[in-house]
There are 2 protein chains.
Amino acid sequence: MSVDEASGTEVPRRGRPPSLTRDEIVEAALKLTDESSLDEVSMRAVAGELGVPVMTIYNYVASKEVLNELVVDHVLHPVEVPSPETGSWDERMRALQRAARRAMRRHPGLSFSRHGSGSHEAARLAEGAMSILREGGFAATQAATAFATLFTFMLGQVELDVLADSGAGGEATFESVTTGIGLNRDQLFETGLDAVIAGITATMGAPTGRG
Amino acid sequence: MSVDEASGTEVPRRGRPPSLTRDEIVEAALKLTDESSLDEVSMRAVAGELGVPVMTIYNYVASKEVLNELVVDHVLHPVEVPSPETGSWDERMRALQRAARRAMRRHPGLSFSRHGSGSHEAARLAEGAMSILREGGFAATQAATAFATLFTFMLGQVELDVLADSGAGGEATFESVTTGIGLNRDQLFETGLDAVIAGITATMGAPTGRG
DNA sequence: ACCTGAACACCGTTCAAGT
DNA sequence: ACCTGAACACCGTTCAAGT
């Protein structure tokens, strides 16, 4: 029943038609991720979710590692890089960071640094951040340095969200120190981001006004 | 041959004396970690390194997860919180961040956010950082917010080091953007830390001078 | 007290045989 | 082309039996 999209006529294909799509597999993996964490999602569980034998998955996805990256790509895909007309470089950067964090935060079982190191969508956002800085008037070296600082902050923030959401380290590390302070994680993110952007502006010679 | 440390006389013990110590186990795990990564180190491999059957390890360490935390504790143990006499709050904070990063960076197979969420040593350093801020004159809320920002930066930096060292994501995310810039990772860390501290000073009302 | 072989309930993935 | 059962080489951990 395959239909050629250009001609609209049926096109003969050899062998069986696909019974699944990559997207179905990714969405099944993401659903299971939200019930625990991506590391704990097994290929067998994904297959079970879709009602197929494990090995069927391997017709669509080369390995668990590739599946991990596809899941991160899927989550990051809707995040948009704010266009130049939307404001000054720091406003655009704030919007980008907020959007990326929000996307990741919806899926606490996902760790960017664990699963997304090869993500194409992450690369797209990184390039978007660089564009924002360059269009904001940063010279190449300053832009790269500023990017590294912002990326570091973002990465740490997402990891921290995961740590906090998992309930681990509650007694030990972070929560013990910030508990009792009347700030939630979103406020801490905004205040921290303000500080980082102010620091970049002060130390890396950012121009003022819109880019 | 057990000797009571107080009396100096021999003390009878029941059953077999220990054939291992926790420290030997942790060091074996760390050695194997440096050859790949802690996640890839199996309990069987640790036992093999020590020349004992797997199950012997479980007489000393309750689980792999506990072993992971002990390894992080071991690595963080030598990191000192700079005393008040060593300088102003920002100098002390820089020294602490540098020392902690250096310790983690010696063992790229280790991820703080993956393995150290329950680390007591990490908690000690977090408390040290809070003390530095409080002694530097930050009010409680400001200190907690500043701490969260610095901790986030640090966490991201360590994750970034791991990403960069693993060679993963080289094409995709970070390296592509900062490659070709004449800055190495240590310089990026220092410059980023400068920016974060400047930003905290500017936005969170840090006093000047030594604490 | 401490040691340890056998076994359990899992993994990701290869391979070969099916249609 | 796509599907899939069986098997391989692993895991962490429980349990029971040893000294």
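A note on names: the letters A, B, ... follow the listed sequences, proteins ahead of strands, and every chain is numbered from 1. Atoms considered below: every heavy atom in the structure, side chains included; atoms not considered: hydrogens, waters and symmetry mates.
- The base-pairing partner of dA17(C), taking Watson-Crick or G-U wobble contacts with both distances under 3.5 Å, does not exist among the strands shown.
- Look at CG on Asp39(A): it is 13 Å from P on dC11(C), rounded to the nearest Å.
- At a threshold of 4.0 Å, the pair Glu121(A)-Arg124(A) counts as salt-bridged, since one of the basic side-chain nitrogens sits closer than that to a carboxylate oxygen.
- Computed from coordinates, the Glu40(A) CD to dC10(C) P distance equals 14 Å when rounded to whole Å.
- Looking at heavy atoms from C-beta onward, Arg106(A) lies out of side-chain contact with Val75(A) at the 4.5 angstrom threshold.
- Closest to the side chain of Lys64(A), from the set dT13(C), dG5(D), dC2(D), is dT13(C).
- A donor-acceptor contact closer than 3.5 angstrom links the side chains of Ser111(A) and Glu159(A).
- If you take CG of Leu50(A) and P of dT4(D), they are 12 Å apart, rounded to a whole angstrom.
- Residue contacts shown for Met43(A) are limited to sugar-phosphate atoms, with no base heavy atom under 4.0 Å away.
- Separating the CG atom of Leu38(A) from the P atom of dG12(C) is a distance of 11 Å, rounded to the nearest angstrom.
- For Ile25(B) and dC2(C), the CD1 to P distance is 12 Å, given to the nearest whole Å.
- When each of dG12(D), dT14(C), dG5(C) is scored by its nearest atom to the side-chain atoms of Met55(B), the top-ranked nucleotide is dG5(C).
- Separating the CG atom of Leu20(B) from the P atom of dC2(C) is a distance of 11 Å, rounded to the nearest angstrom.
- Taking every side-chain heavy atom of Thr56(A) into account, dC3(D) is the closest of dT4(C), dT13(D), dC3(D).
- Note: CG (Asn68(B)) to P (dC11(D)) measures 14 Å, nearest angstrom.
- In this structure, dC3(C) makes no Watson-Crick or G-U wobble pair, since no nucleotide meets both defining distances under 3.5 angstrom.
- For dA9(D), there is no paired nucleotide, since no Watson-Crick or G-U wobble pair has both relevant distances below 3.5 Å.
- Within 4.0 Å (heavy atoms only), Val41(A) reaches sugar-phosphate atoms of the nucleic acid but no base atom.
- Side-chain proximity of Val54(B) to dT13(D), dC3(C), dT13(C): nearest is dT13(D).
- Each of Pro18(B) and Arg44(B) lies near DNA chain C, and the nucleotide nearest Pro18(B) is the one positioned closer to the 5' end.
- The side chain of Pro53(B) sits closest to dG5(C) out of dC2(D), dT13(D), dG5(C).
- Looking at residues two or more places apart in sequence or on another chain, you find no salt bridge (Lys or Arg N to Asp or Glu O under 4.0 Å) involving Asp73(A).
- A salt bridge does not link Asp39(A) to Lys64(A): none of the charged nitrogens lies less than 4.0 Å from a carboxylate oxygen.
- Residues Arg92(A) and Glu135(A) are paired through a salt bridge, judged by an N-O separation under 4.0 Å between the basic side chain and the carboxylate.
- The distance from atom OH of Tyr60(A) to atom P of dC2(D) is 7 Å, rounded to the nearest whole Å.
- A sub-4.0 Å separation between OP1 or OP2 of dC3(D) and a side-chain N or O of Asn59(A) is present.
- Across all strands, Ser42(A) comes closer than 4.0 Å only to sugar-phosphate atoms, never to a base (heavy-atom distances).
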